[in-house]
Amino acid sequence: MTSRVCVIVAVMTGWRMDLDQLRAQTPGCLHRIHLNNAGAALMSRSTLEAMTAHLRLEAEIGGYEAAAQAQEQIDATSAALAQLVGGRSEEVALFDNSTHAWNAAFYSIPLGPGDRILTGRDEYGSNVLAYLQVARRTGAEIVVVPDDGEGQIDVGALTRLVDETDQADRADPGADQRRPGQPAAAVGRIARDAGVLYLWVRDAALERLDPFVAEIRSATWDGGRGFTWADGARRFETWENSYVNIIGLGAALRQALELGLDAIGDRCRTLGERLREGLGQLPGVTTHDLGTHRCAIVTAKIAGLSADDVAAALRRATINVSTTVAGPNPLDTEERGIHPLVRFSPHYYNTEAEIDRAVAAVAELASSAGHP
Ligand SMILES: Cc1ncc(COP(=O)(O)O)c(C=O)c1O
C-alpha cells in the first residue's frame, strides 16, 4: 500500500522535479525565453557534450579515424531514430536536414503524366516548390485536398480523391507551419488502404522508389557498366557526412525517448494552450491557429505592428520567437493571405512563468500600438 501511494506521489510531482533538472541541463534556458522551438530547440548539455567531444576527437586523430572509433555511437543514432518512428534501423537514412531527407524520398517516386500528387493546404513551401518542379518535369498533376470547416485536411474529400485516382504512385502531405493539428493518422490509413505512398519509407515502399542520386554510399559498381543499389534505406544516403551532427542527433534522440514523446507533446500542448488563451485575451491581438486539435505552435498578430517589428521587440526583451511568411506557406497564403504572423513555439522546458512573461511583453507592445 505504502509503495503504491509513493508511486502516485512521484507521478504527480515528477514532472515539476524533472523540469527543474531539465532546465539545468539546457544552458540556453538561463538567458532567454526561447519560444522558437519549432525552428530549432535549445541544445541540452548532453547533446552539446557529445558533439564537442567528437569534434575534439576529429581534431586530435582525424575525421575518418574518429568516425571509425565512434561507429557504435553512429549506429546508435539510426537505431534510436527507428525506435522513434516505429521502424527498423535498416529503414533509416540520415541526411543533414529534413528538407533533403524529404527530397530524397519525393524525387525518387517515378511519376508521369496521369499521376496525381495529393497534398494539403498547409503543405510546407519547400515541398510545394518540389511538387511544382516535378509536375513541370513529368506532367504529373498537383491536387490540393480541401480543408474541412475546422481548417484540417478534409478526410472525406481525400478518400474521394484517392478513390477516383487510378493506382499510379502518389505522394501525400507533410507538415505545416501554422495549423499543425492535422489528422495524420486518418490520412495515413487512407493512404495505406489505397497503396498510396505517404512519408515514411518502409521496406515495403522501397522497391517502388528509384533513388534520385547514385554514389558510392548508395550504390556499388558492378565491375562493368552497371551498379547495384545498397540494401535498405542506405541507398538514399551520401558517403560524406557530418558525424558530429549524427552523434549530436543520437544524443538528442535518446533524451527525447527517455522523456517520452507523449509526455513532451502533452507538456508542449499545455503551454501552447496557455499562450494562445493569454494572447487571445489581449486587446488588438488576434491568434490564427486552426484545427480541432491544436498543437503548441501559436501564431498571432498585433494590429498596427508588423510581425518583424514584434519579433525584433520581443528579441530585445530576450524572448525568441519567429515569423511565418508567405513563401513557406504558399497554399495557405493563396487561400487566406494571412501571413506574416508572429510564431511562438514553446517546448517542454519552458515554464508557465515564461509563457506569462511573453504574454505580458506582447500586451505591452499592443498597448504601445494604441490597444490599451
Ligand atoms: C514544416 C516544416 N517542414 C520542414 C522544414 C525544413 O526543415 P529542415 O530545416 O530540417 O530542412 C521546416 C523548416 O522551417 C518546416 O517548418
Side-chain angles (χ1 to χ4, degrees), residues 34-43 47 51 77-78 80-81 84-85 92-108 117 119-134 144-145 147 151-153 171-184 187-188 198-201 212-213 236-238 241-242 244-246 248-253 256 265 268 272 288-291 293-300 307-308 311 320-336 338-347:
H34 188 66
L35 296 174
N36 186 17
N37 293 287
L42 294 173
M43 212 178 269
T47 299
M51 293 176 80
T77 298
S78 298
L81 257 174
L84 191 88
V85 299
V92 170
L94 295 175
F95 295 87
D96 51 353
N97 60 57
S98 65
T99 304
H100 285 177
W102 186 91
N103 283 343
F106 176 67
Y107 279 87
S108 300
I117 300 163
T119 188
R121 279 254 160 239
D122 53 357
E123 184 59 283
Y124 176 52
S126 289
N127 301 1
V128 173
L129 290 172
Y131 295 154
L132 293 171
Q133 187 198 23
V134 167
V144 182
V145 183
D147 279 353
Q152 299 171 162
I153 204 160
D172 218 349
D176 146 75
Q177 301 253 9
R178 176 192 52 82
R179 39 184 185 179
Q182 291 293 347
V187 172
Y198 178 64
L199 290 174
W200 161 239
V201 181
F212 80 139
V213 172
F236 297 102
E237 286 189 337
T238 54
N241 286 296
S242 163
V244 169
N245 289 351
I246 290 175
L249 176 63
L253 283 165
C268 290
H288 297 271
D289 314 303
L290 304 175
H293 303 290
R294 294 175 194 175
C295 83
I297 298 177
V298 180
T299 50
D308 276 347
N320 293 351
V321 297
S322 177
T323 58
T324 70
V325 293
N329 303 279
L331 304 176
D332 184 48
T333 299
E334 261 180 3
E335 187 181 59
R336 301 201 303 162
I338 206 164
H339 304 280
L341 300 168
V342 185
R343 184 180 81 172
F344 302 79
S345 49
H347 211 344

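Just follow the structure's listing: the first ligand is 1, and inside any ligand the first atom is 1. Computation of the quantities below employed the complete heavy-atom set of this structure, encompassing side-chain atoms and omitting hydrogens, waters and symmetry-equivalent molecules.
- Listed by chain and residue number, N37, H347, Y349 satisfy the side-chain contact (heavy atoms from CB on, under 4.5 Å) test with A41 (two or more places apart in sequence, or in another chain).
- What you find for A130 and N103 is that their closest heavy atoms are CB-OD1, 4.3 Å.
- For the pair T99 and ligand 1, the shortest N or O to N or O distance falls below 3.5 Å.
- Checked by distance only, ligand 1 and S98 come closer than 3.5 Å through their nitrogen or oxygen atoms.
- Remark: ligand 1 atoms within the under-4.0 Å shell around heavy atoms of N97 are 8 (P), 10 (O), 11 (O).
- Y131 and F106 have their aromatic ring centers within a separation under 6.0 angstrom.
- Qualifying side-chain hydrogen bond (donor to acceptor under 3.5 Å, both in side chains) partners for T47, counting only residues two or more places apart in sequence or in other chains: S44.
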